[in-house]
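Written out below as structure tokens is the structure these notes cover.
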Amino acid sequence: MNDTLTPAAAEALSTVLLRCVECSTSYPGIEAGWKPRYRCDCGGVLDVEIQLPAGATALRQLFDRRTATSVTWPLDAGTALYDHSGVWRYRELILPIPEQLIVSRPEGNTSLYPVGIENCGAGRIGHRQIGHYAGLERLFLKHEGENPTGSFKDRGMTVGVTMASLLGAQAVACASTGNTSASLASYAAQAGMRAIVFLPAGNVAAGKLAQSLAYGAMTIQVDGDFDAAMRLVEQVCSELGIYLLNSLNPYRVEGQKSIGFEILQQLNWQAPDWVVLPAGNLGNTSAIGKAFRQAYQLSLIGHVPRFASIQAAGANPFYRSFRQGFSRREQVEAHTVATAIKIGNPVSYTRARRVIEESNGLVEEVTDEEILAAKTIIDCSGIGCEPASAATLAGIRKLVERGVIQRGELVVGVLTGNLLKDTQTGIPQRGDGVAVAANVEAVRNVLRQ
Ligand code: F0G
């Protein structure tokens, strides 16, 4: 790292603290020599603490005003687009960064689809199938696959790469099951940094791999699983002075909180009863949980929703810990068709455990068959998602069947990645469709089938 930190940035960040989630030791947001810190001396992961502004009504009005302002795309580079970012619009709750230093596409502004039996409006008959499948009257799906690189990772990456740029990092790296790497590669290219991504060889969906390669990242195929790649990248970054951008980087989690704020704003600042999401490395459970905790502390909402984190049955260390009342931290060798969440030793275990415990939430597991069946429902509705995202709907259906989620409760499920990320898993294998000769008779025959 070099000394490019401007006085304005240094001053803004001087109010930021990093607190260990295990032993509560705190560190300055930026340490002397600008050396980045990802872990406490005890080995625990760190959580960002910023001074939250007071005044719920004024904050709501500020965020609503920024959302309502129409965007004029800039002809000169000096014009700010931050109000139009679904992350930086909430910057008072994300990170105090001088606006001109922000690296943003912009990202966020993803759809919240009403898909429940009752709340699915006219013109959405296909979407209602999802509500029937879930067994819920009021269900929304927040589609994070609509972000610039097709997954929720962009929300954390805009903050992570902004920090990297602020610290003068020349190179950034991550281990990834594919989406973090695609996002890192894109944002690093935008900021003019070298990107190095570590992937578990043979376990990354083709669309994600193509993104990393196309955006120009050095793509390293590790002979091992994601957990091995994660251990490796941490060592590499500390020894070679490369800025680490996994969710171990506490600033990324701050950006991902914006999923929670955006859901709230789209629901007119009304908290749902449940938030349901897929769980792998547990960064997202930690981040969205933190968003709702802070929104409650700020009186933006009157209650915190219950969280349900859904794991694939073959990659379920968090579920196993939950079943034992979190008395011990479990690890597994992960196996699932949903490669995005094929993770056996999640980094953000403690942060996510706090979210589940505080919100009276739970962890559920679903089989690969249940994931693929739910994916078919989401795909056939016209919305579509990648396999890991479908764990959300599979989990909701299971929890409704078990009577844990009530039919009339307001539920928001998070879809984390775009259908096009993985064009193999769970896609009907009918070749390229139906071949016909170029005449009406041939088509008529085909349509009769
Ligand atoms: N869904 C998708 C599509 C993902 O890519 C991931 C994680 C998750 C869910 C799980 O989120 O890790 O925060 O619990 N993907 C990471 C990656 C690990 O490298 O892209 P989590």
Side-chain angles (χ1 to χ4, degrees), residues 1 36 38 103 105 107 144-145 147-165 167 169-253 255-256 280-284 334 338-348 386 388 416-418 420-422:
M1 307 294 147
Y38 315 108
V103 180
R105 284 289 289 266
E107 46 291 306
E144 287 298 297
N147 270 290
T149 76
S151 85
F152 69 101
K153 304 290 181 179
D154 295 339
R155 293 181 180 265
M157 206 52 75
T158 178
V159 180
V161 170
T162 295
M163 283 303 289
S165 150
L167 292 167
Q170 309 287 316
V172 289
C174 70
S176 179
T177 55
N179 279 325
T180 304
S181 46
S183 183
L184 176 143
S186 164
Y187 280 80
Q190 176 179 342
M193 289 170 200
R194 184 170 189 205
I196 306 151
V197 303
F198 294 75
L199 307 179
N203 274 297
V204 172
K208 304 175 187 181
L209 179 59
Q211 284 180 291
S212 289
L213 294 167
Y215 294 137
M218 169 168 275
T219 304
I220 299 180
Q221 301 274 2
V222 178
D223 181 15
D225 57 12
F226 169 82
D227 302 291
M230 186 66 229
R231 282 192 300 275
L232 179 61
V233 77
E234 210 182 328
Q235 276 172 354
V236 168
C237 285
S238 88
E239 284 183 29
L240 305 186
I242 298 168
Y243 193 61
L244 176 66
L245 278 176
N246 276 98
S247 52
L248 186 56
N249 182 315
Y251 295 106
R252 263 202 45 212
V253 172
Q256 275 172 225
N281 218 15
L282 300 178
N284 222 17
T339 50
I341 50 175
K342 192 174 171 189
I343 295 173
N345 185 19
V347 161
S348 291
E386 71 159 286
T416 43
N418 195 289
L420 293 172
K421 291 281 190 171
D422 184 342

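Reckoned from all heavy atoms, side chains included, excluding hydrogens, waters and symmetry mates.
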> Would you say the side chain of V347 lies within less than 4.5 Å of the side chain of L282, judging by non-hydrogen atoms?
Replying inline: no
> Going by atom types only, do E386 and N179 share a side-chain donor-acceptor pair under 3.5 Å?
Replying inline: yes
>> Can you tell me how far apart CZ (R194) and CD1 (I242) are? Round to the nearest 0.5 Å.
In response: 7.5 Å
> When rounded to the nearest 0.5 angstrom, what distance separates CZ in F152 from CG in N418?
Replying inline: 13.5 Å
> Under 4.5 Å between any side-chain heavy atoms of Y187 and M193, yes or no?
Replying inline: no
>> Using a 3.5 Å distance criterion without hydrogens, assess whether the side chain of D422 forms a donor-acceptor pair with backbone atoms of A205.
In response: no
>> What's the separation between atom CD in E107 and atom NZ in K153, rounded to the nearest 0.5 Å?
In response: 15.0 Å
> Taking C-beta and beyond as the side chain, do Y38 and Y243 meet within less than 4.5 Å on heavy atoms?
Replying inline: yes
> So how far is it from Q170 CD to S165 OG, rounded to the nearest 0.5 Å?
Replying inline: 10.5 Å
> Under 3.5 Å, is there a donor-acceptor pair between the T339 and N203 side chains?
Replying inline: no
>> Between F198 and V236, is the side-chain contact (heavy atoms from CB on, under 4.5 Å) condition met? List the steps.
In response: CA-CA 10 Å; F198 294 75; V236 168; 4.1 Å; yes
>> Within the 4.5 Å heavy-atom criterion, are I341 and T177 side-chain neighbours or not?
In response: no
> Quick one: are L248 and M230 in side-chain contact, heavy atoms under 4.5 Å?
Replying inline: yes
> Going by heavy atoms in the side chains, are K342 and F226 under 4.5 Å from each other?
Replying inline: no
>> Looking at every heavy atom in both V172 and A188, which two are closest together, and how far apart are they?
In response: CG2-CB, 3.8 Å
>> Looking at L245, is its backbone amide N or carbonyl O close enough to the side chain of R252 to form a donor-acceptor pair, meaning the two atoms are under 3.5 Å apart?
In response: yes
>> On a heavy-atom basis, which atom in A185 and which in A195 lie closest, and how many Å separate them?
In response: CA-CB, 4.2 Å
> Do the side chain of D225 and the main chain of A228 share a donor and acceptor less than 3.5 angstrom apart?
Replying inline: yes
>> Against M157, only a single residue in S151, S183, P148, S186 fulfils side-chain contact (heavy atoms from CB on, under 4.5 Å); can you say which?
In response: S183
> Could you walk me through whether N246 and E234 pass the side-chain contact (heavy atoms from CB on, under 4.5 Å) check?
Replying inline: CA-CA 9 Å; N246 276 98; E234 210 182 328; over 6 Å; no
> Run the side-chain contact (heavy atoms from CB on, under 4.5 Å) check on Q221 and L209 step by step: do they pass?
Replying inline: CA-CA 10 Å; Q221 301 274 2; L209 179 59; 3.7 Å; yes
>> If you define the side chain from C-beta out and look only at heavy atoms, does anything of S181 sit under 4.5 Å from L199?
In response: yes
